[in-house]
Structure formats: structure tokens, C-alpha cells
Chemist: 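Submitted below is the structure of interest, expressed as C-alpha cells.
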Amino acid sequence: MSSIYFFGECLIELRALQGNLLEQSYAGDIYNSAVYMKRAFPKLPVHIITTVGTDAFSNEMTDRFTDEHLSTELVFRSRQKIPGLYHIQTDVTGERTFNYWRGDSAARQTMDFFTDVHLHQFKHKDVFFFSGISLAILPEEKRDEFWHRLKKLNDRGITIVFDPNYRKTLWSSKDDALTQTEKAFTYADIALPGVDDLATLLDLHTSKQVSDFCQRFDLAELIIKNGPQSVVTVCNGATATHKITPVNNVVDTTSAGDAFNGVYLGARLSGKDIDNAVQAAAAAAATVIQHPGAIIPRTLFLNALQGKI
Ligand code: ADP
């Protein structure tokens, strides 16, 4: 059975409640996807590759990984750094405003720890997932090493999965983000872009424009998320448009795309066809956006997937 490795960052999440009250949790795109994949498909070996500190938050964060049955042998410990943090405020329509304190986070050091030695544990057909956020937080002087390691994984038949997840404030310039994102697409076997992200980064505003743009890359599978509009998939030259049932009471859109990614990939790795995988992923995302927070309670999540996986 394939193992899947999610490379990137998990942060301390602070969520504004009423008045000055804050609720504290843990979240981050690759972590959210890993959690939802493992919950939906418990038999899949799901790993996190990141770095935390030695402080109490880091200990609680890694406990959370373990509680969610994520493998932590590639969760490294920095003696100098602590995890990044973000604050999220949601308006009445569910739209989110984020503030981040992650410029000096432990996760930025991951390439200091994740070396060629660790590549030996990857087997043919294992899956390596990273996002535009995973890329953006890498120190510039560590990028070459990252691409070098990715190439080695690619050469050994590991499936590379990429979600561009563009966050403007994490990049020094748009040009830099563009160069790195295009490079990521060239390594990817599977890409899961959201139209919103590529609208800001590449001025691509429809699924068709995203699909046309992606033709220049050698993708085995392309899944284009476009909120409540549709999901468009391109696989072996066949394009399919999957209808999405819009949710009326959107509470918080945080991690919709992450939940989608985790469940879609989990379903594909468990042998589901593309249409079934999209249906399950869309059901997961639709449930997540009806509840506050990136990670919703396990039972709510699993109930929504009943009969779909
Ligand atoms: P991201 O969160 O990465 O920006 P999207 O906004 O496209 O990505 O959302 C990811 C998935 O969440 C969509 O493909 C869809 O399945 C689901 N989704 C998002 N918004 C809605 C909505 N209003 N109603 C139903 N499903 C939605």
C-alpha cells in the first residue's frame, strides 16, 4: 500500500470568538489535508514532514498529530525555533481575514533536517504532497536542495502532488511566486489548483483557462477546484465537469480546498474512480465549510461521508 507524505507547516490557530475571546487550535494546509485523508481512509499510512520546536505548543501539536493517527517520524525538532501562529476572523458570509506570525517559524527549517538519508524510506508509488505554501516558507537558499530532493523522489517513481495555494504575503514578489509555482508544476504528476489562487497569481479566471495553462505540463491528473461552481478534471486527455451542490449556510470556508485534497487523494489511492473521488471530496469540503475552524469534529466529518467512501 502506498504511503503519503505531506510536506509543509502546521501552525497554532487563534480564532476570534465573541468579544475578546480567542479559541486556540492547530491548522495549516498540509496538516488539514493529512487529517481529513486519515480520518476518511484510516488504512492509508499518512505522514507529516515538518519541523516543530521543543516548547509546550510544539509538544501539544505533535500530540495532535498522533491523536489523528498521523506518522511523525519525519517531524523534526528545532532547539531554536517555535511554531508559527495565525489569527483568523470570519465575517457573516464566511469570508476570512488572516493575520500571520510565521516569518521565523520552526517549519521553515525543515530542509535543514530532511536530507537524502530520509529518501530511503520512500517506496515506488508512494506519494509526496506539497503546496505553494510549503514552497513559499522555504528560505531561498534552501530551494535548490528542495528541488534536488524532489527530483530524486520523482526519479524513483514517487508520485508528486502539488496544490499552488497562492498566499501573496508569503512571497517576496509575484515574479518569484510565478517562477517557483511553474517549477512545481513541472515536477507534479497530479495538480489540484483552485481557480481563485490562479486568478490572483496568473490572471486565469476560469477552469478552462487553468486547464489550458496546465497543458504545457506533463500532468497525469489535473483537478481544478472552483468553489461552488464546479470541479473540472483532466485525466488521460479526457476532461470532465463535475457539478457541485452549493451550500447555502457557509460558516467558514477555511480548509475547504484542503479537505477536498485529502479526501480526493485518499479516495484515488483507495481505488475509487475520478468521479467517485470528486463526489466524496466535495461532500467533505461542503461539510467543513458549514462549521467553524479548519478541523471540524471527527463525527460530523465522518457522518457527512457515509455512503460516499
Ligand atoms: P480553496 O478553498 O482551495 O480556495 P475552493 O474555494 O474551490 O478551494 O473550494 C474547494 C472545494 O470546496 C470546492 O471544490 C467545493 O467542492 C467546495 N466548496 C467551496 N465552496 C463551496 C460552496 N459554497 N458550496 C459547496 N461546496 C463548496
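Indexing begins at 1, ligand by ligand and atom by atom, following the structure's order.
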Chemist: How far is atom 21 (C) of ligand 1 from its nearest protein heavy atom, and which residue and atom is that?
Modeler: I289 CD1, 3.4 Å
Chemist: What about V247: any of its N or O atoms under 3.5 Å from an N or O on ligand 1?
Modeler: yes
Chemist: Could you tell me whether N226 approaches ligand 1 through its side chain, its backbone, both or neither, with non-hydrogen atoms closer than 4.0 Å?
Modeler: backbone
Chemist: Check contact between V195 and ligand 1, using heavy atoms of the residue and a distance below 4.0 angstrom.
Modeler: no
Chemist: Could you tell me, atom by atom, which parts of ligand 1 come under 4.0 Å of a heavy atom of K225?
Modeler: 7 (O), 14 (O)
Chemist: Regarding T233 and H242, is there a side-chain donor-to-acceptor distance under 3.5 Å anywhere?
Modeler: yes
Chemist: May I ask you to test the F130-I160 pair for a side-chain heavy-atom distance under 4.5 Å?
Modeler: yes
Chemist: Report yes or no: does a heavy atom of A256 sit under 4.0 Å from some atom of ligand 1?
Modeler: yes
Chemist: I need the atoms of ligand 1 closer than 4.0 Å to a non-hydrogen atom of V231, numbered in the order shown.
Modeler: 14 (O)
Chemist: Using a 4.5 Å cut-off on heavy atoms from C-beta on, say whether the side chain of L265 contacts that of V161.
Modeler: yes
Chemist: Quick one, R64 with E68, criterion salt bridge (Lys or Arg N to Asp or Glu O under 4.0 Å). Give me CA distance, side-chain angles, the key distance, then yes/no.
Modeler: CA-CA 6 Å; R64 199 64 68 88; E68 294 287 352; over 6 Å; no
Chemist: So which protein heavy atom does atom 2 (O) of ligand 1 come closest to, and at what separation?
Modeler: G257 N, 3.1 Å
Chemist: Can you spot which of L300, V263, I296 makes a side chain to side chain contact (heavy atoms under 4.5 Å, CB included) with V288?
Modeler: I296
Chemist: Any salt bridge between E13 and R15, counting N to O under 4.0 Å?
Modeler: yes
Chemist: Which protein heavy atom lies closest to atom 12 (O) of ligand 1, and at what distance to 0.1 Å?
Modeler: A285 CB, 3.2 Å
Chemist: If I apply the N/O under 3.5 Å rule, does A282 come out as touching ligand 1?
Modeler: no
Chemist: Among all protein heavy atoms in this structure, tell me which lies nearest to atom 26 (N) of ligand 1, with the distance rounded to 0.1 Å.
Modeler: I244 CG2, 3.6 Å
Chemist: May I ask whether D196 places a heavy atom under 4.0 Å from ligand 1?
Modeler: no
Chemist: In the complex you have, is atom 4 (O) of ligand 1 within reach of the protein, judged by whether a heavy-atom distance drops under 4.0 Å?
Modeler: no
Chemist: For G227 and ligand 1, does the shortest N/O to N/O distance drop below 3.5 Å?
Modeler: yes
Chemist: Any side-chain donor paired with an acceptor under 3.5 Å for D55 and S58?
Modeler: yes
Chemist: Applying ring-ring contact (aromatic ring centres under 6.0 Å, His included) between F217 and each of Y187, F185, F162, report the one that passes.
Modeler: F185
Chemist: Would you kindly say whether S105 and E9 are connected by a side-chain donor-acceptor distance under 3.5 Å?
Modeler: yes
